[in-house]
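Only one structure is covered here, and it is reproduced in the block below.
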Amino acid sequence: MEMWRQVFQYKESLFREGILDAQFTQLQQLQDESNPDFVAEVVSLFFEDSERLINDLTRALEQKCIDFKKVDAHVHQLKGSSSSVGAQKVKNACITFRNFCDEQNIEACFSCLQLVKQEYLLVKNKLETLLRMEQQILAAGGAIPMIE
Amino acid sequence: MMSSSSSGSGKKFSVLVVDDDPVIQRIHRVFLDRFGFETQVVGNGKEAVDLFCSGASFHLVLMDWDMPIMDGPKATRELRRMGVRSMIVGMTSRDRDSEKQEFVRAGSDDCCSKPLTSNTVTSLLQQLHTKYH
């Protein structure tokens with residue numbers, strides 16, 4: 001019970017702080033006996049995808065002649081995958097980033113990249129912790145708290 | 001509440017997910033399977049076109065916008081040119097109306113935002129029942 005309450009409060013804080021949104025709940029609702037590791041799988045794909053895209057973005061912005069179309073394409077993809085796992089702050093950082101790509105504002109793009117990296121590392125850390133805690137509840141025979 | 005795509009008549013709708021993002025691919029596959037679709041996934045517009053060329057057919061195509069080799073609007077135009085009459089739904093970003101317009105011009109039946117939600121899939125199922133019954 002105590003563990004459940006801790007997890008509930010931790011999870012609730014992630015939603016309250018805007019780190020996760022309702023899309024994450026939708027993902028958890030898709031997990032069942034036929035897809036028991038669905039959330040962990042999707043989150044892991046998201047981590048791989050994001051790290052690749054952030055590397056690509058870093059390289060693209062280091063070029064002498066920046067191809068903003070390319071940068072925008074990477075940000076667009078990162079926005080899509082972050083939005084699909086409910087990583088709201090990453091998604092919002094990408095939306096801002098895309099606006100600055102449109103303006104071809106180099107300095108602002110660099111700042112946005114830093115913000116995206118920061119928000120990604122934050123959500124990665126939080127998700128890893130959350131999933132670990134939820135796994136403990138499941139192992140003890142309990143049910144995961146859902147945040148509406 | 002999720003309604004099955006077979007709705008008692010035994011009809012199972014088939015859907016082709018066209019998207020290069022592995023996260024979206026995984027989520028949409030499970031989501032659509034849960035609604036009773038027979039789901040196939042490809043990674044870009046050219047793979048979708050090639051599939052149809054090889055004789056495959058689908059009731060519904062969920063077409064992403066931005067993909068390598070062949071993007072969503074281009075693939076949509078090509079499929080329509082080939083005479084494909086499946087329901088094609090463009091998957092667009094919420095903040096880009098211009099994407100929606102281009103998809104419609106290319107021949108899509110509808111557009112919706114990524115990621116899919118229960119409401120969107122329910123609405124698509126209703127449209128499919130109307131179209132195919």
ask   = Is the number of heavy atoms from other residues, nucleotides or ligands under 6.0 Å of A:R52 CZ greater than 12?
value = yes

Non-hydrogen atoms of A:L45 and B:P22 that approach each other most closely = CD1-O, 3.7 Å

task = Identify which of B:D33, B:V30, B:I24 forms the greatest number of heavy-atom pairs closer than 4.5 Å to chain A.
result = B:V30

message = If I compare all heavy atoms of B:I27 with all of A:F38, which pair ends up nearest, and what's the gap?
response = CA-CZ, 3.9 Å

message = I'd like to know whether NZ of A:K124 has more than 12 heavy-atom contacts from other residues, nucleotides or ligands below 6.0 angstrom.
response = yes

task = Supply the atom-to-atom distance B:R29 CZ to A:N35 CG, rounded to the nearest 0.5 angstrom.
result = 10.5 Å

request  = Could you state whether B:V121 and B:V23 fall into the same hydrophobic cluster, counting links through intermediate Ile, Leu, Val, Met, Phe, Trp or Tyr residues with side-chain heavy atoms under 4.5 angstrom apart?
outcome  = yes

key: Residue pair A:G80 / B:D21: nearest heavy atoms and the distance that separates them   = C-OD2, 4.3 Å

inquiry  = Is it the case that atom NZ in A:K89 sees more than 12 heavy atoms from other parts of the structure closer than 6.0 Å?
reply    = yes

ask   = Considering all heavy atoms of both residues, which atom of A:Q29 and which atom of B:R34 are nearest to each other, and what is their separation?
value = O-NH1, 3.4 Å

task = Give a yes or no on this: more than 12 heavy atoms of other residues, nucleotides or ligands lie within 6.0 Å of atom CD of A:Q9.
result = yes

query = Is there a side-chain contact between B:D20 and A:Q77, using heavy atoms and a 4.5 Å cut-off?
reply = yes

query = A:E41 versus chain B, heavy atoms under 4.5 Å apart: side chain, backbone, both or neither?
reply = side chain

ask   = Under a 4.5 Å side-chain heavy-atom rule over Ile, Leu, Val, Met, Phe, Trp and Tyr, are A:V7 and A:V43 clustered together?
value = yes

message = What's the separation between atom NZ in B:K114 and atom NZ in A:K79, rounded to the nearest 0.5 Å?
response = 9.0 Å

ask   = Do B:I69 and B:L16 share a hydrophobic cluster (ILVMFWY, side-chain heavy atoms under 4.5 Å, transitive)?
value = no

request  = Check whether any side-chain heavy atom of B:H28 lies under 4.5 Å from a side-chain heavy atom of A:S84, and answer yes or no.
outcome  = no

